[in-house]
Amino acid sequence: MDYNFREIERRWQQYWIDHQTYKVTEDRSKPKFYVLDMFPYPSGAGLHVGHPLGYIASDIFSRYKRSQGFNVLHPMGYDAYGLPAEQYAIQTGQHPAITTESNIKRYREQLDKIGFSYDWSREVRTCDPGYYKWTQWAFIRMFHSYYCNQAQQARPIAELTELFSRQGTRGLDLACNEPMEFTAEAWNAMSEKKQQEILMNYRIAYLGDTMVNWCPELGTVLANDEVSEGFSIRGGYPVEQKKMRQWCLRVSAYAHRLLDGLDKVDWTDSLKETQRNWIGRSEGAVMHFRTSRGIAFDIFTTRADTIFGVTFMVLAPESELVKELTTGEQREAVEDYIAKTKKKTERERMADKSVSGVFSGSYACHPFTGEQLPIWISDYVLAGYGTGAIMAVPAHDSRDYAFARHFNLPIIPLIEGCDISEESFDAKEGIMMNSDFLNGMTVKEAIPAAIDEVEKRGIGYRKINFRLRDAIFSRQRYWGEPFPVYYKDGMPYTLEESQLPLELPEVDKYLPTESGEPPLGRAANWHTGEGYPLELNTMPGFAGSSAYYLRYMDPRNDNTLVSEDANSYWRNVDLYIGGTEHATGHLVYSRFWNKFLFDLGVSCEEEPFKKLVNQGMIQGRSNFVYRIKGTNKFVSLNLKEQYEVTPIHVDVNIVHHDILDIEAFRQWNPEYKTAEFILEDGKYVCGWAIEKMSKSMFNVVNPDDIVEKYGADTLRLYEMFLGPLEQSKPWDTNGIDGVHRFLRRVWSLFYKEGDLSVSDEEPAKEELKSLHKLIKKVSFDIEHFSFNTSVSAFMICANELTSLKCSKRAILSDLTVCLAPFAPHLAEELWRTLGNSTSVCDARWPVWNEEYLKEDAFPYAISFNGKSRFVLEFPADVTNEEIEKAVLVHPNSQKWIEGKNPKKIIIVPKKIVNVVI
RNA sequence: GCUCGGAUGGUGGAAUGGUAGACACGCAAGACUUAAAAUCUUGUGGCCAUUAAGGCUGUGCGGGUUCAAGUCCCGCUCCGAGUACCA
């Protein structure tokens, strides 16, 4: 019998379905382990060979943990809301739900062929009402919560109303959009509407006015990457910066905890660093300034020490202060400037390094010297960070320097010996000068000293600023979760939790309405029972993916997002595998969302993902043929220099080991039917290059094809064998034969000349050594996500056992269990072949025995190296004297030392012997 | 600009500070075959030597620490990824 992988894989996949082998329950008799993949967006193109890389790794890990006695939760689902389905709907009129459903079906078929151990009974889809009910529920809870900075916790908004009516804002430290102060009397005297408006300033999910890329022609907000040079990429319509009332999530309130939490998780340093930069903590001070006409405003600075170098002030063009501070004669110039900057997207403003700005006409008073400082307006200051206003210190900030040079403003150096003739001196080092009470201090001493003085004089205070901004949560789109929100008297109110889910309504078209409202504006009866209009925006993509890992714990529960029972058992994700591209998106939102649910007591762990591994991208390996210009003649790679040629991408599926299948090429495209070839050694050799895997490069390799040709087990092993999991690497089908050969070699350990031949004899020493070397190595490698080297270990073991002609049951049995996570189908088949009646998935992971790994020769010479040294291994308890004696009598060393008369034998730790001649 | 990675044969890649190049691809030779494919065996960093045995050299570049460096430290070069008027 040959290794018939098609038959084997079909049979056991069916068996696993029939016996629900991978279904898990909250079995409290076993320790839990939660292994999660980032769920995919089911795109129309289906899976290519790069997608399953992380899934295979997590599947190996899950199966390994299971065989170690853990109760493993390993679920899968779909991030089903998304733009491509909606765009397809706009073009074809097909409902996005239908497109999504058929894409999911295709994904599932492809995934099933690879033999994953998912518990599909727990599948979730973000577009399923039973699922998004809980996305909407979390939103309602965020709406009805505020963030208390003192307690560092989200609290019910009802508690805040209570506090306001008792003490006003006195003594409260709250996360908000704008700081407010009022007394209890003032609060109690306010109208209901006014109170609601004020509460909006504190809600965790709030309606706020934020700057967005607005495209009037398309009637929608666009993301930065959908805009180029002031025009929409789709359609080429003008885009402007517009302040719009949008739903936002107060992620910034959690900045501190999001930052601190990074110390408690086991992620790579680079990913943590990316998040730290994104959260962007900076320590500094807020300082109060006052114009000569008495208008007060605040700035934020991290360099309070440079206060005596301030020569002007700058406001962001969007700042509220611009109107107030612009004087009559400057009004026209200022308005002109603001109109110009408005046209640019934020991204363009960032890209455009040229200096621009306009004088406001006002002057600020220096808080220490009383000097008059001109107030300018420039787009190099961002409204969204700090207070939207800065004190400019041109000598020690490169941006201020460029601005001062451009507009001929004074520059005062503050650090002894610094050269500011060509550029500013930005480094935080040196001795202060020109700075009154700070003179003579180092910069590091001067920063706190300056802030102390500022606080003492009451002209400012210490402040930690975060770069992290609140998340804009509205989209003017159809294919997303509807907000459980209606409007009454212009104010938003949430639906009752019992009214959830609020299902996505049908619309006639998936475009904005004629009056520019989002697509939901087309829905009939889109209002509450009382006739109040419902929210027309939908939620963004990250809404549904923010808490899906919690829902997997209890996916069919209709009463709560996750029961306390299930949550207290599964707790959080022990291992999360996915791409780095989510570092500042999903992985921030998800952590925020979980912390909020933690504050609510719904999630019992503060961090959702304990360990996170980023799998690398698999790139494509493209092949080229070379057409001689102006002909239909193609020349082989190494002869192409003799002609003038055009390289043309050729489908990698008709190329083998860079040799073109000429017949297939002629069939591939009618244009090449009559193609002629100039061959080398009778073959057409193709060129190659590493590029992104995409249809247009003809380098997409479909996992289905690999499974069909080599089997799922070969695909799994080969994807792991390609290289380190975390590294990006090109797919190259060329090496796959080696892995396939290995599996056949394993098969032939069991089957000799077609017949099963397994003996019950006691294993020999060498066989045990080979097996236990494998168990040790593979156990270690799986724990360290080094799957490529464990595949190598299997190959070495199989080669050794083959040459030992091993067919001992005891050896083969353990080998099969080790192989099961990697090649589950083959392992299952062989396991049954050995006479087991239960699945290999239930077999226990073997434990290695160091006894078998010991070397028996003593001393054991490994090698000679260079002129004066050789390496010997001794058991640790051997004394140096014994070693010295042994070195001199050992045949290998004698042979080497012979005639050279060693002067000295040096034995260093780890029992390395150096012989000095 | 800043941050984080990386640089090892023809290729993908192995090496708790201890035989550099495991394992695999490719290539070469051989066996089987009418032939090819498949399979199996052997060889395979470079240079020199070859009847042998062997020798020299070698992990991007330059230093350093160490009995011992691909690995640790300092200074460069190049490549990749992320991020960026964040005051």
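Just so it is clear: chains get the letters A, B, ... in the order the sequence lines come, proteins before strands, and each one is counted from 1.
- Note on S270(A): only backbone sugar-phosphate atoms sit closer than 4.0 angstrom, heavy atoms only; bases stay farther off.
- Rounded to an integer number of Å, the gap from E800(A) CD to C23(B) C1' is 12 Å.
- In this model, the phosphate group of U83(B) is not approached by any side-chain N or O of Q275(A) to a distance below 4.0 Å at OP1 or OP2.
- Between the C1' atom of A24(B) and the CZ atom of F742(A) lies a distance of 12 Å, rounded to the nearest Å.
- Rounded to whole Å, the P atom of C56(B) lies 13 Å from the corresponding atom of A20(B).
- Of the candidates A84(B), A87(B), A14(B), the closest approach to any side-chain atom of N788(A) belongs to A14(B).
- Comparing A87(B), A84(B), G82(B) by their nearest atom to the side chain of T301(A) picks out A87(B).
- Note: CG (D426(A)) to P (A84(B)) measures 20 Å, nearest angstrom.
- When rounded to the nearest whole Å, the span between CZ of F721(A) and C1' of A14(B) equals 10 Å.
- One finds the CD atom of E708(A) at 12.5 Å from the CG atom of L715(A) (value rounded to the nearest 0.5 Å).
- Closest to the side chain of Q727(A), from the set A15(B), G13(B), A87(B), is G13(B).
- In this structure, R591(A) forms a cation-pi arrangement with W267(A), its terminal cationic atom sitting closer than 6.0 Å to the ring centre and no more than 45° off the ring axis.
- Nucleotide G17(B) is shown with an anti base, its glycosidic torsion being more than 90° from 0.
- Between F407(A) and W376(A), the two ring planes are tilted [angle within 30° to 60°].
- Here the P atom of nucleotide A24(B) and the CZ atom of F794(A) are 14 Å apart, to the nearest Å.
- Rounded to whole Å, the P atom of A7(B) lies 8 Å from the corresponding atom of G60(B).
- Counting any heavy atom pair closer than 4.0 Å across all strands shown, P724(A) reaches sugar-phosphate atoms only and no base atom.
- Y385(A) and F300(A) have perpendicular rings, their planes meeting at more than 60° on a 0 to 90° scale where under 30° would count as parallel.
- By the 6.0 Å contact criterion, CD on E581(A) is enclosed, its count of non-hydrogen atoms from other residues, nucleotides or ligands being greater than 12.
- For F5(A) and H740(A), the ring centers sit closer than 6.0 Å to each other.
- For G13(B) and C2(B), the P atoms lie 29 Å apart once the distance is rounded to whole Å.
- Nucleotides A49(B) and G1(B) have their P atoms positioned 49 Å apart, rounded to a whole Å.
- If you take CZ of F780(A) and P of A22(B), they are 20 Å apart, rounded to a whole angstrom.
- Counting heavy-atom neighbours within 6.0 Å of H288(A) NE2, excluding the residue itself, gives a total above 12.
- Using atom P as the reference point in both A22(B) and A15(B), the two lie 12 Å apart (nearest Å).
- Between I796(A) and D397(A), the residue whose closest nucleotide on RNA chain B is further toward the 5' end is I796(A).
- Atom CG of D263(A) has more than 12 heavy atoms from other residues, nucleotides or ligands within 6.0 Å.
- Annotation: A28(B) and G45(B) have their C1' atoms spaced 16 Å apart (nearest Å).
- At least one side-chain nitrogen or oxygen of Y385(A) sits closer than 4.0 Å to the OP1 or OP2 atom of A87(B).
- Residue order along RNA chain B, read from the 5' end via each residue's closest nucleotide, puts S786(A) first among S786(A) and T387(A).
- When distances run from any side-chain atom of L382(A) to the nucleotides A87(B), U3(B), G82(B), the shortest one goes to A87(B).
- Checked against the 6.0 Å centroid criterion, the rings of Y751(A) and Y3(A) do not qualify as a close aromatic pair.
- Of the N and O atoms on the side chains of S252(A) and D470(A), at least one donor lies less than 3.5 Å from an acceptor on the other residue.
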| remark: Encoded 5' to 3' (Watson-Crick or G-U under 3.5 Å; [ ] crossing; | other strand), RNA chain B becomes (((((((..(((.....[....)))((((((.......))))))((((.....))))..(((((..]....))))))))))))....

Can you check nucleotides 37-42 of chain B for protein contacts, nitrogen or oxygen pairs under 3.5 Å, and list what you find?
{"residue": "U39(B)", "atom": "OP1", "partner": "R741(A)", "partner atom": "NH1", "Å": "3.0"}
{"residue": "U39(B)", "atom": "OP1", "partner": "R744(A)", "partner atom": "NH2", "Å": "3.3"}
{"residue": "U39(B)", "atom": "OP2", "partner": "R741(A)", "partner atom": "NH1", "Å": "3.4"}

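- In this structure, CZ of R467(A) is placed 8 Å from P of C85(B), rounded to the nearest angstrom.
- Atom-to-atom distance recorded for K463(A):NZ and T387(A):OG1 is 9.0 Å, nearest 0.5 angstrom.
- Residue W278(A) places its side chain closer to U83(B) than to any other of A22(B), U83(B), C85(B).
- Closest to the side chain of S282(A), from the set A22(B), G82(B), A87(B), is A87(B).
- Distance L373(A) CG to A87(B) P: 21 Å, rounded to the nearest Å.
- When heavy atoms are screened at a 4.0 angstrom cut-off, N734(A) is found touching the sugar-phosphate backbone but no base atom.
- Distance check on atom C1': U19(B) versus U59(B) gives 15 Å, rounded to whole Å.
- Checked against A22(B), A24(B), C85(B), the side chain of S792(A) finds its nearest nucleotide in A22(B).
- G70(B) sits 12 Å from C61(B) when the P atoms are compared, rounded to a whole Å.
- For the pairing with R303(A), the side-chain hydrogen bond (donor to acceptor under 3.5 Å, both in side chains) check across T301(A), D305(A), T306(A) returns one residue only, D305(A).
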